[in-house]
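Presented below is the structure to which this report refers.
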There are 2 protein chains.
Amino acid sequence: MDQAQIELVRRFNRTVTERVGVLHDHYLGRDRPIGEARLLWEIGEHGTDVRRLRERLGLDSGYVSRLLRSLETAGLVTVEAQHDDRRVRTVRLTAEGRSERGQLDAGSDELAGSLLEPLNSAQRARLVAAMDEVERLLTAATVTLDEVDPGHPDARHCLEAYFAELSERFPTGFDPARSLLPDAGELRPPRGLFLVARLHGEPVGCAGLKLPPDAPAEIKRMWVAPGARRLGLGRRFLAELETRAAAHGRRTLRLDTNKALTPAVGLYRSSGFEEVAAFNDEPYAHHWFEKRVAVTSSPE
Amino acid sequence: MDQAQIELVRRFNRTVTERVGVLHDHYLGRDRPIGEARLLWEIGEHGTDVRRLRERLGLDSGYVSRLLRSLETAGLVTVEAQHDDRRVRTVRLTAEGRSERGQLDAGSDELAGSLLEPLNSAQRARLVAAMDEVERLLTAATVTLDEVDPGHPDARHCLEAYFAELSERFPTGFDPARSLLPDAGELRPPRGLFLVARLHGEPVGCAGLKLPPDAPAEIKRMWVAPGARRLGLGRRFLAELETRAAAHGRRTLRLDTNKALTPAVGLYRSSGFEEVAAFNDEPYAHHWFEKRVAVTSSPE
DNA sequence: TCCATTCTCTGACTCTAGTCAGAGAAATGC
DNA sequence: GCATTTCTCTGACTAGAGTCAGAGAATGGA
């Protein structure tokens, strides 16, 4: 890896942690210890059960219990057993707790403001744009692609969202019954595979690959959640599927798409796909693409 | 301040502290507690005296003493009295200490590498560029401009560096005796003023303003340290001097410069200065600039 | 019905990261 | 030469942030 890049990243880490750290202590580290503050924040407006809280923050059960006791005696939260399972306890903010949480929120705003405050408006705009870029790329780096069964809850979640989006974006709506839908078996080994992208454990995208024995590999149902767009995930799916198709000895990858999905069409073209004549009669397709892929040395 | 910008900065803070924090713990937080690690790092290759160490890290003397004792018994440092002032003690790394410090260094490199590692090379380049921008702008925001006497050590430090740079950059060299040098009194109230820019307390730039009673205000000796360039400091000096000239009731600001200082010439033009005929016979000047400034309502 | 499991809580610890008050040695000012 | 200051060190604390080993209540499954 490039040493100059490493050096720059280190400088960035140093400056950012120093500057943000100092301001963090100033605006947020005043009265309440950060353990309690984090908890207060994570409880949220509508309350949660203790178990989930513990899981999200990765804390010891005894420790959380003690923190909650302390918040309770300070009158910021109420803890009570759930009536359908009296082992599980639910935490809720009191009015006072809500106000304290609001103060934390305001402190975060002030922190952010004080980073921008000394700059003129052109510099602010540049800083914010660069922060956005850093944030997106760091987030992109934490997304994982995992092969799952198309029946997996995460896969189904993505597929439902995908169909919902199609019926919204296609001017004619989208009726699954009219489309050439692969049955689930076609996207499951050995006849295919299905990938789910996850960010912090939550599914944020999917893509399927059909591997028919007598025809080119075919990409189906590629979708990225709106909140996870602009992370280069589409391109990453394509690269991953290409590698996997090659690993299965396929030399051609193809797909069809609807003209309403403009950004997708652009993605395919810029990823080396070339438009070809219709290779199926999918009623919702306007474009058909194909790409030659390099065969890897050791197909599985 | 723009709420959308605030929101973005908050997202940035959250993502960066989370991601960098986790990796920090993973790569650097292993055996040695961070207090000791920070100290080990700050001692540096060539050793320092305890007082300076304490000052740089802002720690209690008792605490530092204890940390040093612990590092000493671990065989990582030696502490001995300075022979010219036996109250002051000097810390030096042993071979073992140097190796441990090297490991911290390597850990920092690994941390930086692991941020880049999951990305493809185009994304890496974009991330590094954005980090550089963020780093520069955050650094720029911590630079202060203070009015000081031109005889102040920080002012003299800057002026020496300035002259050294001129004699290096001018093809003919630079001989202060041949130049039209304002005497120090001209850059000191009431006949003028002198500004020093400081970053973390270190002087990183200067600019003087002459305020002759019978002629336009004139900028002299503007300089920015090489390590502090690209922070918009030149532009900030100009804006500050303009404001101050206006506050003293001046309607015109002028300056002369040498053609070897190309970036400076560009800065003046883009800051609204217009080239005019020579208004003095400074032998080192090739360009003379002037700008009309708006008079503020309440001149001091 | 009863045994295992799940969930929360309590008590008893540990380790960092400090703070504060003073003691003692060395240097400095007058 | 003596008082004052400077610099470092020691002892005695504190608070935060956890960890670990059970105990006890509720629940679920056979």
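Order of the sequence lines fixes the chain letters, A, B, ..., with proteins taken first and strands second; residue numbering starts at 1 for each chain.
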Query raised in the report: Is Arg92(B) salt-bridged to Asp49(B), cutoff N-O under 4.0 Å?
Result: no
Report task. State, without any angle test, whether Thr90(A) and Glu80(A) hold a side-chain donor-acceptor pair at a distance under 3.5 Å. Result ->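 Judged by distance alone, the side chains do not pair up.
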Could you tell me how far apart [X] ([atom1]) and [N] ([atom2]) are, to the nearest whole angstrom?
X	N	atom1	atom2	result
Asp25(B)	dC15(C)	CG	P	18 Å
Gln82(B)	dA27(C)	CD	C1'	13 Å
Asp85(A)	dT6(C)	CG	C1'	8 Å

Query raised in the report: Between Leu76(A) and Arg32(A), does a side-chain contact (heavy atoms from CB on, under 4.5 Å) hold up when you go through it step by step?
Result: CA-CA 12 Å; Leu76(A) 301 179; Arg32(A) 205 148 292 285; 3.6 Å; yes
Requested in this report: If a protein heavy atom is under 4.0 Å from the base, mark B; if only from the sugar-phosphate, S; if neither, -; do that for nucleotides 8-19 of chain D going 5' to 3'.
Outcome: BBBBB---SSBB
Query - Residues, nucleotides or ligands: over 12 heavy atoms within 6.0 Å of Arg69(B) CZ - result: yes
**Report entry** Flag, side chain of Arg56(A) to backbone of Glu42(A), donor-acceptor distance under 3.5 Å
**Finding:** yes
